[in-house]
Amino acid sequence: MKQRSVLPWLYVGPALLILAFFLVYPALNTLYLSLFDKRSENFVGLDNYVWALTSKDMLTAFKNNILWLVLFTALTVSLGLVMAVLLDRVRYEAVAKSIIFLPMAISFVGAGVIWKFMYAFRPANVAQIGLLNAIVRNFTSLDPIGWLVNRTTNNLALIVVGVWIWTGFCMVILSAAYKGIPRELIEAARVDGANEWQVFWRITLPMMKPTIAVVATTMVINVLKVFDIVYVMTNGAFGTEVIANRMYKEMFHYRSFGRASAIAVILLLAIIPVMLVNIRRFREQEAVR
Amino acid sequence: MNKKLTNALSSLPLNLVIIGISLIWLLPSVGLLISSFRPENAVLSSGWWTIFQHPFDFTQYTLENYADVITAQGMGRAFLNSLYITIPSTIIPIMVAAFAAYAFAWMEFPGRQVLFMIVVGLLVVPLQMTLIPILRVYNRLGLAGTFIGIWLAHTGYGLPFAVYLLRNFFGGLPKDLFESAFLDGASQLVAFFRLALPLSVPALASLSIFQFLWVWNDLLVALIYLGGTERVAPLTLKLSSLVNSLGQNWHLLTAAAFVSMALPLVVFFSLQRYFVRGILAGSVKG
C-alpha cells in the first residue's frame, strides 16, 4: 500500500502546522529572545543567563526545585510502590485505590485551597480551625505553627501537597506492573523459604525496575515544571520560590522578557535528557513490534 | 476458628497501615466538603471535625455559602466559562490528532519516522518555552483574552500526547484487517472512519477524559492567555483570585473550591476505568 500522493499530508498536515506554530516556533523564538534585553530590543549576549544562574532569587528557586526533586520524587514513587504492593493483599483494594487516586481529578488550585485550610493558623489563645494545628495544640505543648510562613516547614508543607496529588498516579502504574509479575515466580520463592521481605527486595523490586524508572522520570518532569501549587499557596514568599513561578513573575510583574525566556530555556535544558531517554525507549519498543 | 483468629491478627498491622494512609488521603477533602456547608461563624470559631459530636443535627448545615459564591462571587459565571473553554479544547485536538495518528500508523510518506520522533520529543517541552512568543502573536492578532485563542492554545499543547497515544493504539490494531479492507477497495478515509475509529473507542474515551481534566484543571494557560479578563475567566483562575481576595473567609473559599471540583469528581467516579487505562497507555508503553 505505497502512497505516493498528497493524501498522507492532508492527514498529518493540520497537526504538523499547529505543532509548528504552538511549540516549535515559540521554542526557537524563546531561545532567541533570551539573548536580548527586557524589551527584546538590544542584544545582551548571555547576560540573562548569568543573571539566572547567579541572582539571589534564582538561587533560592534552584535550591527549592532540587529539594522538590529529591523529596517529591522519592516520596511519590516509594509511597506509590508500597501502596501498590500492600493493597494487592486486601479485599477492599478498589476502594482504597480510588481514595488515593482521587486527588488526581482535582485541580492544583483546588488542592491548594484544601491544604491551605489544613495548614490554617490562628493565635494560640483561640480555637484552631486547621486540622494540623489542632493536632499540634491537642497532642503537644507547642504553639500553633505557621506551616506556610515558617521557613523550616513551608517548603515541606508545599511538597506534601504535591505528594498528596501525585502518589495515586504512581500507585496506579506500579500496581499494574506488580500484577504483571508472574505469580508462580513469587510462589516458588515462598516455597523455597523466602520471607515476604526477601521476596520484595529480590524479586518484586528487580522485576519492577523498568516501570519504576518510567514513573520516576514522569515525576522529575512534574517537579521541574511545578507552578500552580506554589503560585496559589505562597506565591514564592518566605523562601518558597520555584523556577516556573519565578518565570511567571519575570514575565508578568517585571515585564522582563529576556530574563523570563532565559529561565524557560534553562527549564528545557534540564528536561532534554529526559526527552532523549523517551525517544530511545520508544525506538526500542518499535524495534520489538 | 483459632486459625482464623491468628490470620486476622497477623494481617492486622497491614490493615491498620492501609486504613491509616487512606484516612490521611481522605481527610483533607472531607474537611473541605464539611466546611463548605457550615455557616460563617461556625467555620471561623471551631474546627470542622467538631460536627461529629452531633453529626445529625441538620440545623448546623447551610447552603448559603454556595448561593453566595455562585452568584455574588461569580463562580457560576466561571463554571460556564470553564465548560465553554473545555469542550472545544477537548474535541478539536482529538480530531486533529486522530487524522495525524492514522497517517503515522497506516500510511507511507517520506519523513514519517522523523516527524513522529519530533512529536515524541515535543511531549516534554515545557509550556514555559512557548508562552512569551505566543502571547505576543496573540496580542497582535487580538486573540489574547478570547475563547478562540485559548481553544487553539490547548489544541497545540494537547496534540503531542494525543497523537502519540492514538498512533500507538492505531498501530496496535491487526494489520490483516486493514489489508483486506484495502483489497476490497476501501479508501483510506473509509478505513479511518469505519475501522480505525470504531475499534479505538476505549482509547478515544481515555484520551477525552484526560484532555478534559487537563483543560478543566489548567491554571497556567488560562492565566497567561486570558489574563485578568474577568468576563472569560474559568474556575481555576477565578478560584485563585478568590484565594487572594477572600483571605480568611474559609466558609466561602471551601464552597468555591468544591464548585470547581464537582464536575471532575463526577467524571472521575463514573469513568475511572478509562482514566486509569489512559494513564497506563500513556506511560507504561511509552
Side-chain angles (χ1 to χ4, degrees), chain A residues 1-3 7-8 11-12 14-15 18-19 22-23 26-27 29-30 33 83 86-87 89-90 96 98-100 105-110 113-115 117-118 127-129 131 134 169 172-173 176 211 214 218 221 225 227-228 232 244 247 251 257 260-261 264 267-268 271 274-275 278-279 282, chain B residues 14-15 17-18 22 25-29 31-32 45-47 96-97 99-100 102-103 107-109 117 120-126 128-130 132-134 153 155-157 159 163 182 188 213 217 219-220 236 239-240 243 250 253-254 257 260-261 264-265 268 272 276 279-280 283-284 286:
Chain A
M1 37 171 225
K2 279 250 176 238
Q3 291 282 334
L7 191 64
Y11 281 64
V12 288
I18 294 174
L19 286 176
F22 279 96
L23 291 167
N29 193 228
T30 298
L33 292 178
M83 287 317 273
L86 291 186
L87 283 174
R89 292 143 206 258
V90 295
S98 289
I99 291 174
I100 292 170
I106 300 172
S107 66
F108 297 141
V109 184
V113 174
I114 290 179
W115 280 91
F117 188 46
M118 287 288 283
Q128 296 297 322
I129 60 170
L131 183 60
F169 177 91
V172 163
I173 294 174
T211 315
V214 172
T218 314
I221 295 180
K225 298 195 282 190
F227 167 74
D228 306 32
V232 174
M247 191 224 157
M251 181 176 171
F257 292 123
S261 299
L267 262 185
L268 179 72
I271 287 177
V274 182
M275 186 156 97
N278 256 358
I279 293 180
F282 180 75
Chain B
L14 174 72
N15 286 303
V17 168
I18 293 176
S22 303
W25 245 257
L26 199 57
L27 278 180
S29 318
L32 180 92
S45 63
S46 61
V96 174
F99 276 101
Y102 178 81
M107 288 174 164
E108 298 262 345
F109 55 96
M117 284 306 152
V120 175
L122 291 176
L123 267 175
V124 292
V125 169
Q128 279 81 0
M129 272 305 272
T130 70
I132 293 172
I134 293 181
T155 301
Y157 298 144
L159 266 182
V163 173
F182 292 134
Q188 293 283 7
L213 288 177
N217 290 335
L219 172 69
L220 184 60
T236 45
L239 183 59
S240 80
V243 169
W250 285 112
L253 272 180
T254 50
S260 81
M261 288 155 39
L265 288 180
F268 174 80
Q272 193 181 357
V276 169
I279 285 184
L280 294 178
S283 32
V284 171

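Residue numbering restarts at 1 for every chain, and letters A, B, ... go by the order of the sequence lines. When reading the values below, keep in mind they use all heavy atoms of this one structure, side chains included, and skip hydrogens, waters and symmetry mates. Since the structure is predicted, the reported quantities are computational estimates derived from the model, not experimental observations.
- How far OG1 of A:T30 is from CE of B:M129: 5.0 Å, rounded to the nearest 0.5 Å.
- Heavy atoms closer than 4.5 Å to chain A are found in the backbone of B:S45, but not in its side chain.
- Classification of the B:W250-A:F117 ring pair by plane angle, with boundaries at 30° and 60°, yields tilted.
- If you measure heavy-atom distances from B:L213 to chain A, the contacts under 4.5 Å come from the side chain alone.
- Summarising the geometry, atom CD1 belonging to A:I114 is positioned 12.0 Å from atom CG belonging to B:L253; distances are rounded to the nearest 0.5 Å.
- The two atoms that bring B:P28 and A:W115 nearest to each other are CG-CZ2, 3.6 Å, heavy atoms only.
- Shown here for B:P133 and A:N29, the closest heavy-atom pair between the two residues is CB-OD1, 3.2 Å.
- Scored by the ring-ring contact (aromatic ring centres under 6.0 Å, His included) test, A:F227 finds A:Y231, A:Y248 as partners (sequence neighbours excluded).
- Scanning both residues, A:V113 and B:A257, for their nearest heavy atoms gives CG1-CB, 3.8 Å.
- Looking at every heavy atom in both residues, B:P126 comes nearest to A:I271 through CG-CD1, 3.9 Å.
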message: With side chain to side chain contact (heavy atoms under 4.5 Å, CB included) as the criterion, how do B:I132 and A:M247 come out once you've worked through the C-alpha distance, each side chain's angles and the decisive distance to 0.1 Å?
response: CA-CA 11 Å; B:I132 293 172; A:M247 191 224 157; 4.3 Å; yes

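- Looking at A:L268, the atoms closer than 4.5 Å to chain B (heavy atoms on both sides) sit in the backbone and in the side chain alike.
- Between chain A and the residues B:L265, B:V124, B:V276, the most heavy-atom pairs under 4.5 angstrom are made by B:V124.
- Counting heavy-atom pairs closer than 4.5 Å to chain B, the top-ranked of the candidates A:V109, A:L267, A:V90 is A:V109.
- At a 4.5 Å heavy-atom cutoff, the contact between A:L86 and chain B is made by backbone and side-chain atoms alike.
- Contact count versus chain B (heavy atoms, under 4.5 Å) is highest, among A:A27, A:A127, A:S261, for A:A27.
- In this structure, A:V232 and B:S240 approach most closely via the heavy-atom pair CG2-CB, 4.2 Å.
- A distance of 6.0 Å separates OG1 in B:T155 from CD1 in A:I18, rounded to the nearest 0.5 Å.
- The candidate with the highest count of non-hydrogen atom pairs below 4.5 Å against chain A, out of B:G121, B:G31, B:S29, is B:G121.
- Taking chain A as the reference chain and counting heavy-atom pairs below 4.5 Å, the highest number among B:V120, B:N15, B:L219 is found for B:L219.
- For the atom pair CD1 (A:I100) and CH2 (B:W25), the distance works out to 6.5 Å, reported to the nearest 0.5 Å.
- A donor-acceptor pair under 3.5 Å links the side-chain atoms of B:N217 to the main chain of A:A105, judged by distance alone.
- For the atom pair A:M118 CE and B:L27 CG, the distance stands at 6.5 Å (nearest 0.5 Å).
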field: Verdict with reasoning, B:M107 to A:V12, per side chain to side chain contact (heavy atoms under 4.5 Å, CB included)
entry: CA-CA 10 Å; B:M107 288 174 164; A:V12 288; over 6 Å; no

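- With sequence neighbours left out, B:Y102 forms a side chain to side chain donor-acceptor pair (under 3.5 Å) with B:Q188.
- Both the backbone and the side chain of A:V172 come within contact range of chain B, judged by heavy atoms closer than 4.5 Å.
- The closest donor-acceptor contact from the side chain of B:S22 to the backbone of A:A96 lies at 3.5 Å or more, if one exists at all.
- Nearest heavy atoms, B:A153 versus A:F22: CA-CE2, 3.6 Å.
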